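Worksheet for the structure shown next.
When a residue number appears, it is its place in the shown sequence, counting from 1. The model shown is predicted, which means the values in this text are computed figures rather than measured ones.
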Amino acid sequence: MPNEPISKPWFDKMKGKEAFITRLFTVFLREEPQRVAKIRTAMESRQLGEVTYLAHSLKGAAATLGAEPLHEACLQLELAAKSEDEGQSVEALRQLDEQIERVYERMQDWLKLQ
């Protein structure tokens with residue numbers, strides 16, 4: 001499905017690398033909530049340069065993991081913050097929050113099956 005939190009082609013490409021996926025997902029679930037919290041803090045204090053940097057970093061992590069909807073949400077936040085559009089940044093952060101929760105849930109479900 002095109003709107004899966006982590007794409008099937010990514011999982012297909014990673015076939016046989018379950019130990020590596022486990023490590024990736026474990027680290028992501030441990031580390032990324034902190035980065036998302038930093039994004040929220042930067043948004044609250046209107047530090048849009050910091051939001052741009054953090055969204056860009058999370059975008060890279062999402063791309064590495066085949067999390068395409070999250071990657072797109074990060075891109076939208078990065079662009080909105082870079083253009084200093086606070087209203088669009090707030091909406092993009094809402095989308096990022098929604099997508100990252102879907103990614104967390106998918107990762108947790110996958111880890112339970114291992």
task = Under the ring pair (Phe, Tyr, Trp, His ring centres under 6.0 Å) rule, collect the residues that match up with Phe28, sequence neighbours excluded.
result = none
Hey, can you pull the donor-acceptor pairs under 3.5 Å for the side chains in residues 107-114, sequence neighbours left out?
| residue | atom | partner | partner atom | Å |
| --- | --- | --- | --- | --- |
| Gln114 | NE2 | Trp110 | O | 3.4 |

inquiry  = Measuring only between side-chain heavy atoms, which start at C-beta, is Tyr104 closer than 4.5 Å to Val36?
reply    = yes
key: Members besides Leu75 in its Ile/Leu/Val/Met/Phe/Trp/Tyr cluster (side-chain heavy atoms under 4.5 Å)   = Leu79
key: CG on Leu70 to CG on Leu65, rounded to 0.5 Å   = 9.0 Å
inquiry  = With a sphere of 6.0 Å drawn around OH of Tyr53, does it hold more than 12 non-hydrogen atoms of other residues, nucleotides or ligands?
reply    = no
List, one per line, each side-chain donor-acceptor pair under 3.5 Å for residues 43-51, sequence neighbours excluded.
| residue | atom | partner | partner atom | Å |
| --- | --- | --- | --- | --- |
| Ser45 | OG | Thr41 | O | 3.1 |
| Ser45 | OG | Ala42 | O | 3.4 |
| Ser45 | OG | Gln47 | OE1 | 3.2 |
| Arg46 | NE | Glu86 | OE1 | 2.9 |

key: Leu77 side chain reached by Leu54 side chain, heavy atoms, under 4.5 Å   = no
task = Evaluate the side-chain contact (heavy atoms from CB on, under 4.5 Å) criterion for residues Glu72 and Glu68: first the C-alpha distance (whole Å), next the side-chain angles of each, then the deciding distance (0.1 Å), finally the verdict.
result = CA-CA 6 Å; Glu72 180 62 29; Glu68 295 164 7; over 6 Å; no
ask   = How far does OG of Ser7 sit from NE2 of His71, to the nearest 0.5 angstrom?
value = 12.0 Å
query = Should Ile100 and Val27 be counted in the same cluster of Ile, Leu, Val, Met, Phe, Trp and Tyr side chains packed under 4.5 Å apart?
reply = no
ask   = Are any non-hydrogen side-chain atoms of Thr64 and Trp10 less than 4.5 angstrom apart?
value = no
ask   = Which residue pairs pass the salt bridge (Lys or Arg N to Asp or Glu O under 4.0 Å) test with at least one member in residues 89-104, sequence neighbours excluded?
value = Arg40-Asp97, Glu91-Arg94, Arg94-Glu98
key: Rounded distance (nearest 0.5 Å) linking atom SG of Cys74 with atom CD of Gln99   = 9.5 Å
request  = Would you name the heavy atoms of Ala81 and Ser89 that are closest together and state the gap between them?
outcome  = N-OG, 3.3 Å
key: Side chains of Pro69 and Asn3 in contact at under 4.5 Å (non-hydrogen atoms)   = yes
key: Pairs where residues 17-37 contributes a residue and the test side chain to side chain donor-acceptor pair (under 3.5 Å) is met, not counting sequence neighbours   = Glu32-Arg35
query = Rounded to the nearest 0.5 Å, what separation is found between the NE2 atom of His56 and the NZ atom of Lys82?
reply = 9.0 Å
